[in-house]
Amino acid sequence: MAPKNSNVYHERQRLQFCLLHTLNSLFQQKDAFTRANLNAISEKLALDDFSNNDSSSWTPFSILFKPHHNALTGNYDINVLIAALEEKGKTVVWHDRRNGGSSIDLDAPEDVLMGVVINVLVKRFAGIWKSRHWIALRKIDGVWYNLDSDLSMPECFHDTEEVREFLDSSIAHGGEVLLVMNQKQS
């Protein structure tokens with residue numbers, strides 16, 4: 001196993017703020033994003049939806065269950081992830097699940113591939129509660145880490161083959177893989 005880096009920043013899960021924890025762990029910075037930042041992004045997206053004549057989706061429940069997040073618990077959607085990363089000059093590339101993890105260049109320079117974000121199905125409370133969960137994977141000092149906020153601490157992968165196996169398993173279980181790029185992809 002690769003040596004564990006005690007300097008790896010990792011946030012633990014709180015309520016349904018896994019996207020917030022994922023982004024901060026991905027950027028390796030405590031307040032790269034805050035709840036207020038993500039709420040503001042979500043509100044802007046909702047206003048854009050409304051401005052684009054998508055007002056038919058508004059219901060009285062929209063006060064609590066916003067179109068792009070839950071006002072109490074978090075639970076932000078993919079649109080908030082993409083907008084947040086674009087604010088920081090990053091590009092999100094949706095990985096074609098038909099190609100598996102082996103087609104991802106995990107050895108790409110850090111100035112090209114910042115990291116990987118996975119959205120997986122989770123079952124809690126003996127399978128009664130089903131939802132989605134965000135997970136960040138990032139290469140730090142040459143070692144790939146699983147920065148899942150459900151883990152008590154970051155877990156390092158032995159090598160890129162183990163990362164690919166993890167990605168393949170995530171895809172096989174309905175996970176969506178997103179590549180976070182530092183450069184615009186054509």
What distance separates [X] [atom1] from [Y] [atom2], expressed to the nearest 0.5 Å?
{"X": "Thr91", "Y": "Leu85", "atom1": "OG1", "atom2": "CG", "value": "9.0 Å"}
{"X": "Thr160", "Y": "Ile104", "atom1": "OG1", "atom2": "CD1", "value": "11.5 Å"}
{"X": "Met153", "Y": "Arg12", "atom1": "CE", "atom2": "CZ", "value": "10.5 Å"}
{"X": "Ile135", "Y": "Leu147", "atom1": "CD1", "atom2": "CG", "value": "10.0 Å"}
{"X": "Asp111", "Y": "Met181", "atom1": "CG", "atom2": "CE", "value": "10.0 Å"}
{"X": "Arg97", "Y": "Asp168", "atom1": "CZ", "atom2": "CG", "value": "11.0 Å"}

Backbone N/O of [Y] and side chain of [X]: donor-acceptor pair under 3.5 Å:
{"X": "Trp134", "Y": "Tyr76", "answer": "yes"}
{"X": "Arg138", "Y": "Trp144", "answer": "no"}
{"X": "Asn39", "Y": "Ser42", "answer": "no"}
{"X": "Asn182", "Y": "Glu110", "answer": "yes"}
{"X": "Asn24", "Y": "Ala32", "answer": "yes"}
{"X": "Gln28", "Y": "Tyr9", "answer": "yes"}
{"X": "Arg164", "Y": "Gly100", "answer": "no"}

Where [X] and [Y] come nearest, the two heavy atoms and their spacing:
{"X": "Lys30", "Y": "Glu11", "value": "O-OE2, 3.2 Å"}
{"X": "Phe157", "Y": "Phe166", "value": "CE2-CB, 3.7 Å"}
{"X": "Leu113", "Y": "Ala108", "value": "CB-CB, 4.0 Å"}
{"X": "Leu23", "Y": "Leu38", "value": "CD1-CD2, 3.9 Å"}
{"X": "Arg132", "Y": "Gly175", "value": "NH2-CA, 4.1 Å"}
{"X": "Ile41", "Y": "Glu87", "value": "CG1-OE2, 3.6 Å"}

Determine, step by step, whether Leu106 and Lys139 satisfy the side chain to side chain contact (heavy atoms under 4.5 Å, CB included) criterion, reporting the C-alpha distance in whole Å, the side-chain angles of both residues, the deciding distance to 0.1 Å, and the verdict. CA-CA 9 Å; Leu106 296 172; Lys139 190 176 190 179; over 6 Å; no
Once ring-ring contact (aromatic ring centres under 6.0 Å, His included) is applied, what residue pairs with a partner in residues 85-108 remain, sequence neighbours excluded?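 Listed once each, the pairs would be none.
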So do Val8 and Val143 actually touch side chain to side chain, heavy atoms under 4.5 Å?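 They are not in contact (no side-chain heavy atoms under 4.5 Å apart), so the answer is no.
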Answer whether the closest heavy-atom distance between the side chains of Val92 and Val117 falls below 4.5 Å. no
Can you get from Val163 to Val93 by hopping between Ile, Leu, Val, Met, Phe, Trp and Tyr side chains that sit under 4.5 Å apart?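 Val163 and Val93: one cluster.
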Between Asp105 and Val112, is the side chain to side chain contact (heavy atoms under 4.5 Å, CB included) condition met? List the steps. CA-CA 10 Å; Asp105 184 6; Val112 176; over 6 Å; no
Any chance NZ of Lys88 has more than 12 other-residue heavy atoms, nucleotides or ligands included, within less than 6.0 Å?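 Yes, NZ of Lys88 has more than 12 neighbouring heavy atoms, counting only those of other groups under 6.0 Å.
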Decide yes or no on side chain to side chain contact (heavy atoms under 4.5 Å, CB included) for Leu81 and Asn119, but give the supporting numbers first. CA-CA 11 Å; Leu81 170 75; Asn119 188 255; over 6 Å; no
Qualifying residues under side chain to side chain donor-acceptor pair (under 3.5 Å), relative to Asn146, sequence neighbours excluded: none
Asn37: which residues meet the side chain to side chain donor-acceptor pair (under 3.5 Å) condition with it, sequence neighbours left out?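 With neighbours one apart ignored, the set is Thr34.
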Working note: Asp148 + Glu155, criterion side chain to side chain contact (heavy atoms under 4.5 Å, CB included); need CA distance, chi angles, decisive distance, verdict. CA-CA 8 Å; Asp148 184 350; Glu155 291 182 356; over 6 Å; no
